Amino acid sequence: MNGEKGIKRIRFETISSTNEYAKELRALGEDVVITADMQTGGRGTKGRSFSSDVGGVYVTKLTFYKDFPAREAFKIMAGAAVAVCETLEFYGLCPVIKWVNDIYVDDKKICGILIENVFSGNAVSSSIVGIGLNVSNVLPKELDGIATTMAQKMKNPPPVAEVRERLIEYLSQPKGVDEYLARIGYMGRQVTVVFGEERLPATLLSVDNEGGLWVEIDGEKRRFTAAEISLQL
């Protein structure tokens, strides 16, 4: 598999962050895919660190758009999450999406996605989609019971390079929000909603077509966006 045809590719053995490097390339106005064998400063959502040792897949895709309505920005994240799920499904795994963009296998996180969009008026002018997928990398001890890898879930895990190319291929294909919604997990489950300094017990209800999460808190249905809250299972 050759990934997306015609798009520029940049590969590093080691880099601090593929997303941060992509930001440096924005001024060039050119679509590009950046990969690394490991990151020393990988980041997750809301500034959290992300373990990025050798053996994982670390891919960032910088894309420029014309006439992409800002109200449809959720489609960028949804497409990335679906691409990761398709990659894992190809290898016989059964991933689910934990809203909004974490991928889990057997209740453990196997992939994180970080989306950084640039807006111009009411349109998305560019997006940076960063993906860290655990393949055969050794996870820090503090992630025992929280995270997993493909190698932990498969008798014969595929080569990292093969998984990387397959993921890039799936990223190049259009996805529908319905494909994202079909893979959302944990609906009906009791969770903790972290809202600023508050930690609220809630029941997950559904995710709508705009990516909003509906929950029930103290008998009241409420809608949140990814910018407002985070979830703890």
Side-chain angles (χ1 to χ4, degrees), residues 3-4 7-65 68 70 72-88 95 97-104 109-120 123-135 137 139-140 143 147 149 160-161 163-173 175 180 211 225-227 230:
E4 188 167 350
I7 191 169
K8 183 178 179 180
R9 296 274 296 267
I10 301 175
R11 177 182 175 273
F12 292 92
E13 290 185 358
T14 303
I15 192 173
S16 174
S17 164
T18 52
N19 268 39
E20 290 303 309
Y21 184 73
K23 291 178 184 178
E24 298 176 16
L25 300 181
R26 274 180 177 150
L28 300 179
E30 181 182 9
D31 291 359
V32 61
V33 170
I34 305 157
T35 65
D37 295 341
M38 70 172 291
Q39 298 180 112
T40 58
R43 294 185 298 111
T45 55
K46 295 179 170 63
R48 302 183 185 97
S49 62
F50 188 90
S51 175
S52 307
D53 208 347
V54 172
V57 165
Y58 312 109
V59 171
T60 292
K61 185 177 182 184
L62 170 62
T63 306
F64 291 86
Y65 302 98
F68 193 121
E72 297 181 9
F74 170 65
K75 291 180 179 179
I76 298 171
M77 192 282 301
V82 171
V84 173
C85 287
E86 289 176 327
T87 302
L88 294 168
I97 300 170
K98 172 183 163 286
W99 184 89
V100 60
N101 57 2
D102 288 334
I103 313 301
Y104 276 54
K109 184 174 177 178
I110 199 168
C111 177
I113 301 171
L114 178 61
I115 309 291
E116 299 180 273
N117 295 324
V118 173
F119 296 89
S120 178
V124 181
S125 58
S126 68
S127 70
I128 291 174
V129 175
I131 297 173
L133 174 60
N134 298 331
V135 181
N137 46 309
L139 298 174
L143 296 181
T149 67
V160 174
V163 178
R164 179 173 57 239
E165 293 306 311
R166 192 166 298 281
L167 173 59
I168 293 171
E169 182 75 17
Y170 284 132
L171 278 172
S172 73
Q173 300 168 359
K175 316 291 181 189
Y180 171 89
T225 67
S230 59

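Treat the numbers as computed from the prediction; the structure is a model and nothing was measured.
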From SG (Cys111) to CD1 (Ile131), nearest 0.5 Å: 6.0 Å
Note: Val100 and Ile97 closest approach over all heavy atoms is O-CG2, 3.8 Å
When every non-hydrogen atom of Asn134 is compared with those of Ala147, the smallest separation belongs to ND2-CB, 4.5 Å
Report yes if some heavy atom in the side chain of Leu167 is under 4.5 Å from a heavy atom in the side chain of Val84; otherwise report no. yes
Measuring from atom CZ of Arg164 to atom OG1 of Thr35, what distance do you get when rounded to the nearest 0.5 angstrom? 5.0 Å
Side chain to side chain contact (heavy atoms under 4.5 Å, CB included) partners for Ala78, two or more places apart: Phe74, Tyr180
Is there a side-chain contact between Leu62 and Ile34 in this structure, where contact means two heavy atoms from C-beta onward sitting under 4.5 Å apart? no
Once side chain to side chain contact (heavy atoms under 4.5 Å, CB included) is applied, do any residues pair with Phe119, and if so which ones, sequence neighbours excluded? Ala70, Ala73, Asn117, Val124
Is Val163 close to Thr87 at the side-chain level, that is, under 4.5 Å between some pair of heavy atoms? yes
Is it true that, when you exclude Lys98 itself, more than 12 heavy atoms of the residues, nucleotides or ligands shown sit nearer than 6.0 Å to its NZ? yes
Suppose we screen for side chain to side chain contact (heavy atoms under 4.5 Å, CB included). Which residues come up paired with Glu30, at least two apart in sequence or across chains? Lys8
Not counting sequence neighbours, which residues clear side-chain hydrogen bond (donor to acceptor under 3.5 Å, both in side chains) with Thr18? List them please. Gln39, Thr60
Mind checking whether Leu171 and Val33 have side chains closer than 4.5 Å, heavy atoms only? no
Is there a donor-acceptor contact under 3.5 Å from the side chain of Trp99 to the main chain of Ala226? no
Quick one: salt bridge (Lys or Arg N to Asp or Glu O under 4.0 Å) partners of Arg26, sequence neighbours excluded? none
Smallest separation among heavy atoms of Tyr58 and Ser52, with atom names: OH-C, 3.0 Å
Smallest separation among heavy atoms of Thr40 and Ser16, with atom names: OG1-CA, 3.2 Å
Look at Arg166 together with Glu169 and state whether they make a salt bridge at an N to O cut-off of under 4.0 Å. no
Partner set under side chain to side chain contact (heavy atoms under 4.5 Å, CB included) for Glu24, not counting sequence neighbours: Tyr21
Taking all heavy atoms of Val160 and all of Gly55, pick out the closest pair and write down the distance. CG2-O, 3.4 Å
